[in-house]
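Comments concern the structure below.
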Amino acid sequence: MPVITLALLLLPGTAAAHGLLDGHLHLSERVPLLLSALLLGAAWLLYVMGCRKVRPHGRETLWMHLAMIITVLAVFGPIDDWAETSTSLHMVQHMLFMIVIAPLWALARPLPQWRAVLGGWMAPVSNPILRSGRYPVALAMLHGAMIWVWHTPSLYMLALENTWWHAIEHACFLFSAWLFWWSCLRANPRQVPHALMAILLTLMHTGLLGALLTFGNAPFYGESRDLADQQLAGLLMWVPGSLVYLAAAGWISWRWLTRIWRRQGENAGTTP
């Protein structure tokens, strides 16, 4: 089903909107789009193959398929075209990457399935990812750097004008956000305080960026951009983003307290 879904989403009707089959698009501009589609399709197919060898737990399969479908729609759907002229829709695309797709990937935990298919070829990638999960605050700083760097006016416009840089921008958001959410949502009890600090740090600096966009009195990304549209983009980053980070912090805290209460109950039950 995921392979069929991906194929349908990449049919000419959808692909042409993004430029994959646009005859007016130069080959050098079409290549990064094709590479993105191939990488996404390969990752999805390898996951489905890996599920036959390593059975996912709970709803991990649902989270993975949902994340991949949203990724295809965000990258190759019409929203990517709209984002070229609308700052608010561009922000919607970025928020889908950072607070929807990335946490779903973290909850899906696809590394065991990929390693089951790729074997030792996956180790150079999976081992550093697993080790980096011990440092939520460091990964939050990395993710924050990606957010601020790609929202500077020069790089923001560069990504809009060049498909190669556009693909790199998307990869930076998705990969850094995945690492961030992986380290926070999968934190063990000893790492929970660090995970909460990482989420608080991300909540603060993304709220600051959203406020700057909201209260700016001039368009940051070209005079042709509508100021009201930029202000809406700031609100989208500020309000929905903050709610997601607060919800994640609450969920992590609840799991942490539940474990403590369960342990206390077990200790009380074994005490004579």
Side-chain angles (χ1 to χ4, degrees), residues 1-6 8-10 36-37 39-51 54-77 79-80 83 91-117 122 125-126 129-130 132-133 136 139-140 142-144 146-147 167 169-187 191 195-196 198-199 202-203 206 236-237 239-255:
M1 284 302 299
V3 177
I4 294 173
T5 303
L6 180 62
L8 292 174
L9 289 171
L10 295 181
S36 299
L39 287 173
L40 186 61
W44 203 348
L45 179 60
L46 290 173
Y47 177 79
V48 174
M49 296 170 61
C51 288
V54 178
R55 185 180 180 86
H57 300 286
R59 298 179 179 178
E60 290 177 352
T61 303
L62 173 62
W63 303 142
M64 185 62 178
H65 292 330
L66 181 60
M68 298 303 277
I69 291 173
I70 298 174
T71 305
V72 171
L73 294 175
V75 175
F76 300 103
I79 188 174
D80 194 70
M91 184 61 72
V92 169
Q93 186 184 45
H94 290 178
M95 298 302 286
L96 285 174
F97 292 152
M98 294 184 289
I99 65 173
V100 178
I101 297 169
L104 284 176
W105 278 351
L107 292 174
R109 243 172 28 106
L111 288 180
Q113 285 71 38
W114 288 337
R115 285 188 296 181
V117 178
M122 188 67 187
V125 176
S126 61
I129 290 176
L130 293 174
S132 68
L139 292 177
L142 172 65
H143 180 46
M146 294 295 101
I147 293 174
E169 177 196 44
H170 289 174
C172 289
F173 284 145
L174 283 168
F175 190 66
S176 66
W178 179 35
L179 291 178
F180 162 72
W181 285 109
W182 174 280
S183 64
C184 292
L185 298 180
R186 294 293 178 179
Q191 295 170 338
L196 293 176
I199 291 178
T202 307
L203 169 66
T206 54
L236 289 171
M237 170 172 272
V239 180
S242 298
L243 293 176
V244 171
Y245 294 125
L246 288 173
W251 183 74
I252 293 171
S253 300
W254 175 253
R255 288 179 65 235

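The model shown is predicted, which means the values in this text are computed figures rather than measured ones. What's counted below: heavy atoms across the whole structure, side chains too, no hydrogens, waters or symmetry copies.
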[X] side chain near [Y] side chain, heavy-atom distance below 4.5 Å:
X: Val100; Y: Val244; answer: no
X: Leu130; Y: Trp182; answer: yes
X: Cys172; Y: Phe97; answer: no
X: His94; Y: Glu169; answer: yes
X: Ser36; Y: Phe76; answer: yes
X: Ile252; Y: Gln191; answer: no
X: Trp44; Y: His65; answer: yes
X: Leu40; Y: Val75; answer: no

Check: Glu60 main-chain N/O paired with Arg109 side-chain donor or acceptor under 3.5 Å: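 No, because the side chain of Arg109 does not come within donor-acceptor range (under 3.5 Å) of the backbone of Glu60.
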Gln93 side chain vs Ala83 backbone, donor-acceptor pair below 3.5 Å: no
Within this structure, what is the [atom1]-[atom2] distance for the pair [X] and [Y], rounded to the nearest 0.5 Å?
X: Met146; Y: Leu179; atom1: CE; atom2: CG; value: 11.0 Å
X: Leu142; Y: Phe175; atom1: CG; atom2: CZ; value: 8.5 Å
X: Leu104; Y: Ile69; atom1: CG; atom2: CD1; value: 11.0 Å
X: Thr61; Y: Leu66; atom1: OG1; atom2: CG; value: 12.0 Å
X: Cys184; Y: Trp251; atom1: SG; atom2: CH2; value: 11.0 Å
X: Ile101; Y: Thr71; atom1: CD1; atom2: OG1; value: 3.5 Å

Looking only at non-hydrogen atoms, find the nearest pair between [X] and [Y] and report the distance.
X: Ala140; Y: Thr202; value: CB-OG1, 3.8 Å
X: Met68; Y: Ala43; value: CE-CB, 4.3 Å
X: Leu185; Y: Ala248; value: CD2-CB, 4.5 Å
X: Ala108; Y: Arg186; value: N-NH2, 4.5 Å
X: Pro136; Y: Gly133; value: CD-O, 4.1 Å
X: Leu139; Y: Ser132; value: CD1-O, 3.2 Å

His143 and Trp181: side chain donor to acceptor below 3.5 Å: no
Whether Trp105 and Trp178 hold their rings parallel, tilted or perpendicular, with breakpoints at 30° and 60°: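 Perpendicular.
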Pair Ile147-Met237, side chain to side chain contact (heavy atoms under 4.5 Å, CB included): steps then yes or no: CA-CA 11 Å; Ile147 293 174; Met237 170 172 272; 4.3 Å; yes
Stepwise side chain to side chain contact (heavy atoms under 4.5 Å, CB included) check, Leu46 with Arg115: CA-CA 9 Å; Leu46 290 173; Arg115 285 188 296 181; over 6 Å; no
Derivation of the side chain to side chain contact (heavy atoms under 4.5 Å, CB included) call for Ile79 and Leu96: CA-CA 11 Å; Ile79 188 174; Leu96 285 174; 4.3 Å; yes
Steps toward side chain to side chain contact (heavy atoms under 4.5 Å, CB included) verdict (Leu236, Val92): CA-CA 7 Å; Leu236 289 171; Val92 169; 3.7 Å; yes
